[in-house]
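Let me begin by presenting the structure, written as structure tokens, before commenting on it.
Counting starts at 1 for both ligands and their atoms, in listed order. Nothing fancy with the numbering, it's 1 onward along the sequence. No experiment lies behind these values; they were computed from the predicted model shown.
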Amino acid sequence: MAGAEWKSLEECLEKHLPLPDLQEVKRVLYGKELRKLDLPREAFEAASREDFELQGYAFEAAEEQLRRPRIVHVGLVQNRIPLPANAPVAEQVSALHRRIKAIVEVAAMCGVNIICFQEAWTMPFAFCTREKLPWTEFAESAEDGPTTRFCQKLAKNHDMVVVSPILERDSEHGDVLWNTAVVISNSGAVLGKTRKNHIPRVGDFNESTYYMEGNLGHPVFQTQFGRIAVNICYGRHHPLNWLMYSINGAEIIFNPSATIGALSESLWPIEARNAAIANHCFTCAINRVGTEHFPNEFTSGDGKKDVFLCSFKAHQDFGYFYGSSYVAAPDSSRTPGLSRSRDGLLVAKLDLNLCQQVNDVWNFKMTGRYEMYARELAEAVKSNYSPTIVKE
Ligand SMILES: NC(=O)NCCC(=O)O
């Protein structure tokens, strides 16, 4: 299983395929080729000084007579943890705040209107350990915790909507922890929050000891730049989860994630892209980068062998978080991924008119037969349900 030494699928294709083949492969794997954004030179200089990758692409829509283009620039941030997981909690959080501030400043130079960080961005992805301390100390109030206050300043200073996925401590309700994304308006006000609906119980990704399945449904946030939703990590394997955000009107669905190569790298390019196609919306898949080492060994709690994560013994790391963040559009086009090995900012210029234009061609909402599925699902969840199987 490749680690940081294998830079990206795109680099590999470009290195090895003759141009005519490369064009056809890109057409199939990425849809129509996107124009590269002409981002400011100072942005590239700052990104290089701060040692992160910067890429930008534009998705175009057809011109319409009655509607003006609805242009929005989104920014996707992927990063390593800058300090080791055993550094003091407050130092780790401050180092991450500093890192993200530097990246957001470059996003502002690129005209980004909505930015989203990776899942649980203020901490190492410690849920695999199933230890409580010190990891639960990273949990904060979604409404007025230090990270939300930090993001409010960023949002206001840069006139940018900030999507900040954190580990939430809800002190108003018995100190319950949640895996939450806080959505902060470009005014600096907290617009609201949404919680991870589906909790993984896959090998080391057994996060069920920390928080419960989200109880806020599928909220969509009306921002000045468009309607957005957040489908946190493992929720991307659940087509109905994407569907509900889309039914509630989301035009852009962010998918802040933390996932590793051995488990999900072959699913990664498909799932968010498929969701964009199936739901006539844009999707933004974000994954963290690097290998995180934890002070104490842990196991997957499933005996000796974990076939997915390839860890036969107790171990101190999860495996390799492969970055590769990308944006996908309703017409099946997508950006190349950011690198597998570096921190990065991906800027994408979207014309939200594309959602309706593709909807009018493919009509997935019109042909969706939701009533029939609602009826059948309502039956299927009953304890006395028996599947309709026609036998000879
Ligand atoms: N963070 C998280 O839910 N990871 C689960 C693994 C995956 O969905 O790829």
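In this structure, SG on Cys284 lies 6.0 Å from CD1 on Ile252, to the nearest 0.5 angstrom. Within the model, atoms OG1 of Thr259 and CZ of Phe205 stand 4.5 Å from one another, a figure rounded to the nearest 0.5 Å. For the atom pair Thr194 OG1 and Ile228 CD1, the distance stands at 10.0 Å (nearest 0.5 Å).
By the 4.0 Å N-to-carboxylate-O rule, Arg195 lies too far from Glu213 to be salt-bridged with it. In summary, Lys196 and Glu119 engage in a salt bridge, as defined by a charged side-chain N under 4.0 Å from a carboxylate O.
Geometrically, ligand 1 and Ala258 share a nitrogen or oxygen pair separated by less than 3.5 Å.
Using a 4.0 Å cutoff on heavy atoms, Arg236 counts as a contact of ligand 1.
Protein heavy atom at the shortest distance from atom 2 (C) of ligand 1 is Cys233 SG, 2.9 Å. Scanning the protein for heavy atoms near atom 8 (O) of ligand 1, the closest one is His237 NE2, 2.6 Å. Annotation: atom 5 (C) of ligand 1 to nearest protein heavy atom, Phe205 CD2, 3.5 Å.
In the vicinity of Lys196, heavy-atom distances shorter than 4.0 Å reach the ligand 1 atoms 1 (N), 2 (C), 3 (O). Close contacts between ligand 1 and Phe125 involve ligand atoms 1 (N) [criterion: under 4.0 Å to a heavy atom]. The Pro200 neighbourhood of ligand 1 comprises atoms 2 (C), 3 (O), 5 (C), with distances under 4.0 Å to a heavy atom of that residue. Within the listing of ligand 1, atoms 1 (N), 2 (C) sit less than 4.0 angstrom from a heavy atom of Glu119. Every atom of ligand 1 is numbered from 1 in the order shown, and the set under 4.0 Å from a heavy atom of Thr259 is 6 (C), 7 (C), 9 (O). Set against the non-hydrogen atoms of Ser264, the atoms of ligand 1 under 4.0 Å away are 9 (O).
None of Tyr210, Phe294, Phe298 except one satisfies the ring-ring contact (aromatic ring centres under 6.0 Å, His included) rule with Trp135; the exception is Phe294. Each of Thr180, Thr147, Thr148, Thr122 was compared with Glu140 under the side chain to side chain donor-acceptor pair (under 3.5 Å) criterion, and only Thr147 meets it.
Counting heavy atoms of neighbouring residues, nucleotides and ligands inside a 6.0 Å radius, atom NZ of Lys153 does not exceed 12 of them.
Of the heavy atoms in Leu263, only side-chain atoms (C-beta onward) come closer than 4.0 Å to ligand 1. Heavy atoms from both the backbone and the side chain of Tyr234 come within less than 4.0 Å of ligand 1.
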When you look at Tyr57 and Phe59, which way does the ring pair (Phe, Tyr, Trp, His ring centres under 6.0 Å) test go after all the steps? CA-CA 7 Å; Tyr57 296 93; Phe59 293 90; 8.2 Å; no

